[in-house]
Amino acid sequence: MTTNAPASTDFVREIVAQDLRTGKHGGRVATRFPPEPNGYLHIGHAKSICLNFGIAQENGGVCHLRFDDTNPAREEVEYVESIQEDVRWLGFDWGAHLYYASDYFEQLCQYAVQLIQDGKAYVCSLSPQEIREYRGTLTEPGRDSPHRTRTVAENLGLFQRMRAGEFPEGAHVLRAKIDMASPNLNLRDPVLYRILHAQHHRTGGVWCIYPTYDYAHPISDAIEGITHSICTLEFEAHRPLYDWLLEQLPVPSHPQQIEFARLNVSYTLMSKRKLLQLVEQKHVSGWDDPRMPTISGLRRRGYSPEALRDFCERIGVAKRDNVVEFALLEHCLREDLNRRAARVMAVLHPLRVIIDNYPEHQVEQVDSVNNPEDSSMGSHTIPFSRVLYIDREDFQEDPPKGFFRLSPGREVRLKDAFYVTCVGVVKDEQTGAPMELHCTYDPETRGGRSADGRVVRGTLHWVSAAHSLPAEVRLYDHLFLSADPGADDGGAGFTQGLNPSSLEVLTQCRVEPSLAGAAPQNCYQFLRLGYFCVDPDTAGERLVFNRAVSLRDTWARVQKEQQGQPSKGQSGRAGRV
RNA sequence: UGGGGAUUAGUAUAGCGGUAGUACGUCUGACUCUGGAUCAGAUAGCCGAGGUUCGAAUCCUCGAUCCCCAGCCA
């Protein structure tokens with residue numbers, strides 16, 4: 001991974017630079033990425049990862065990976081493993097700095113005892129319902145809990161017994177004693193510890209009281225010597241509590257919390273809860289379904305770490321709510337793959353073509369450049385023979401204006417091979433659909449060039465029928481119909497907005513023989529179609545490809561225009577194919 | 001009606017009192033053995049109203065709109 005100079009600057013980096021200048025944290029920079037292991041990472045996390053690890057890298061600092069595992073009810077090892085894999089795959093390294101909030105449970109508990117001893121925390125035995133009632137509302141102050149005045153000794157005893165497992169869940173909580181009349185609801189005696197009789201994925205059954213995020217996070221940061229604790233906007237109102245706790249306790253440092261706006265991307269969702277629901281209700285095949293905005297989904301789809309990092313750099317970091325266009329993500333991928341992906345030919349909807357004047361059993365190898373953008377990638381050969389396949393949409397019997405592919409009587413170039421002219425069409429008697437084309441070829445145009453300088457408008461991709469390999473190709477479109485699927489739902493009904501045609505499976509595809517044995521995750525440009533990535537479902541003879549992103553397609557746009565559909569707006573629709 | 005944030009082209013983001021820039025998108029054109037890529041050009045913006053100032057996107061005042069907070073979630 002490249003150690004990039006601070007090419008981009010944003011308000012967070014400005015704060016860090018300023019602190020470095022003034023020596024606020026002794027010239028140190030330590031950040032942390034603190035995921036809760038309750039789901040897979042998505043591209044919104046990628047933004048945070050790039051920010052946190054990026055800032056550390058740029059300033060010779062460190063970035064910790066810390067699992068915020070304070071709620072055993074929803075956390076699993078599967079998630080902690082996938083998270084590590086995804087961060088690593090993205091290109092970042094936490095070195096020895098892998099931590100868990102659960103590493104600090106004992107310390108956290110001791111600090112809680114200290115708060116009690118200092119009269120700054122108390123055990124409250126109100127029910128959850130009552131606590132809510134006592135909290136007041138946005139406009140009315142809350143009321144003190146009747147247990148707020150318990151003695152230190154009483155609190156100590158109760159807390160001890162909470163820890164010892166003497167009470168059922170919900171019987172008591174430990175609360176900070178701050179101010180029930182605070183206009184900031186987070187300061188109205190927030191809960192610090194609750195009783196949870198659950199098996200924790202790391203500590204097992206050792207604990208039955210667990211710290212809340214509000215309590216565990218600032219202290220974990222402080223213990224690790226984090227200098228800048230970067231989080232998203234919704235925690236802004238929690239910052240006074242973050243600071244309050246660190247001021248009360250003899251912690252080794254006082255990190256600075258900085259909030260930035262989380263990423264939203266059009267046509268998709270970033271809520272882990274909703275993504276989980278898509279997985280559990282089988283709307284997608286799993287967390288790594290190529291339509292998912294998860295890092296594992298994007299990886300399977302064919303996105304490279306480079307493209308994702310580039311994207312994260314381009315979207316910037318600020319404090320206003322935002323929805324980044326999916327088109328920008330696609331642009332980043334195209335730019336990366338254009339530079340690196342080998343060009344091959346594949347026919348998605350095969351239409352048989354017979355070259356009438358080509359010798360029956362002859363086969364010849366034509367040369368094809370692997371990547372016109374990079375000559376060092378060399379070339380390979382492709383077999384040409386009498387019977388070929390081209391894509392159905394490259395032929396029209398009655399072509400509209402502007403169509404310069406194959407049609408009766410017209411000559412086109414078969415990429416890297418010969419000029420061919422359509423001399424006949426065999427049609428389905430029922431439907432009238434073309435079933436087979438007859439063409440003649442000009443032997444003088446081998447390699448796709450003619451000596452007489454005659455021009456052909458169209459160049460088509462093709463494969464040799466006998467030599468090509470069968471393949472399954474999966475085409476993807478946006479998971480949701482709406483550009484902002486998270487906006488207009490009350491919570492549960494968001495699956496109504498799912499795009500019913502977000503996945504199209506093509507099973508009759510033919511690809512050139514050089515693709516035999518292509519390894520999963522390898523990406524190719526299928527000439528004139530798009531970038532396709534070998535899916536892990538590929539095994540043995542069975543080739544499966546995912547379309548990562550289509551090529552820009554001006555003809556598809558023109559066609560839509562002709563059909564009266566404005567082509568403006570969002571790209572990424574299944575324009576071609 | 002409480003508190004905390006935010007507001008610059010379609011989208012994202014710069015601008016930190018001195019001609020409002022960049023990227024993506026969209027549209028033109030050139031070029032092309034990918035209707036790709038590339039290249040050239042175009043498009044379009046400071047939430048509003050007052051004020052301070054020689055000069056305001058930037059400072060002040062008032063207003064508008066949007067987001068977050070009433071989990072023993074994070």
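In what follows, every chain begins at residue 1, and chains take the letters A, B, ... in the order their sequences are listed. Keep in mind that this is a model prediction, so the values were computed, not measured.
- If you check residues 450-459 of chain A against RNA chain B, the residues with a heavy atom closer than 4.0 Å are A:Thr459, listed by number.
- In this structure, A:Ser182 does not reach the B:G3 phosphate: none of its side-chain N or O atoms is under 4.0 Å from OP1 or OP2.
- The residue A:Tyr210 sits apart from the nucleic acid: no heavy atom pair falls under 4.0 Å.
- Residue contacts for A:Glu130: at a heavy-atom cut-off of 4.0 Å it reaches no nucleic acid atom on any strand shown.
- Between A:Arg557 and B:C27 there is a side-chain N or O to OP1 or OP2 distance below 4.0 Å.
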Inset, instruction - State the dot-bracket string of RNA chain B. Criteria: Watson-Crick or G-U wobble, both atom distances under 3.5 angstrom; notation: ( ) intrastrand, [ ] crossing earlier pairs, | interstrand, . unpaired. - result: .((((((..((((....[..))))((((((.......))))))...(((((..]....))))))))))).....
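- Seen from the ring of A:Tyr531, A:Arg547 does not count as a face-on cation partner, given the 6.0 Å and 45° thresholds.
- The shortest distance between the side-chain N/O atoms of A:Arg334 and the OP1/OP2 oxygens of B:A37 is not below 4.0 Å.
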Inset, instruction - Would you mind building the protein contact string for nucleotides 67-74 of chain B? One character per nucleotide, 5' to 3', B for base within reach (heavy atoms under 4.0 Å), S for sugar-phosphate only, - for untouched. - result: SSBBSBBB
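- Taking atom CD on A:Glu393 and atom C1' on B:G35, their separation rounds to 11 Å, with Å as the unit.
- With A:Tyr215 as reference, A:Tyr193 is the one residue of A:Trp244, A:Tyr210, A:Tyr104, A:Tyr193 to meet the ring pair (Phe, Tyr, Trp, His ring centres under 6.0 Å) rule.
- The residue A:Asn322 sits close only to the backbone: its heavy atoms come under 4.0 Å of sugar-phosphate atoms, none of a base.
- On a pure distance criterion of 3.5 Å, no polar donor-acceptor pair joins the side chain of A:Glu373 and the base of B:U38.
- At a threshold of 4.0 angstrom between heavy atoms, the contacts of A:Lys415 include nucleobase atoms, whether or not backbone atoms are also involved.
- Applying the 4.0 Å criterion to OP1 and OP2 of B:U13, one finds that A:Arg320 has a side-chain N or O inside that range.
- Side-chain atoms of A:Arg314 and base atoms of B:U13 include no donor and acceptor less than 3.5 Å apart.
- The side chain of A:Thr139 has B:G2 as its nearest neighbour among B:C24, B:G35, B:G2.
- With respect to A:Arg239 and A:Asp243, no salt bridge is recorded, no charged nitrogen being found less than 4.0 Å from a carboxylate O.
- The aromatic rings of A:Tyr79 and A:Tyr40 stand perpendicular to each other, their planes meeting at an angle above 60°, with 30° marking the opposite boundary.
- Within 4.0 Å (heavy atoms only), A:Phe403 reaches at least one base atom of the nucleic acid.
- The base of B:G5 has none of its N or O atoms less than 3.5 Å from a complementary donor or acceptor on the side chain of A:Glu259.
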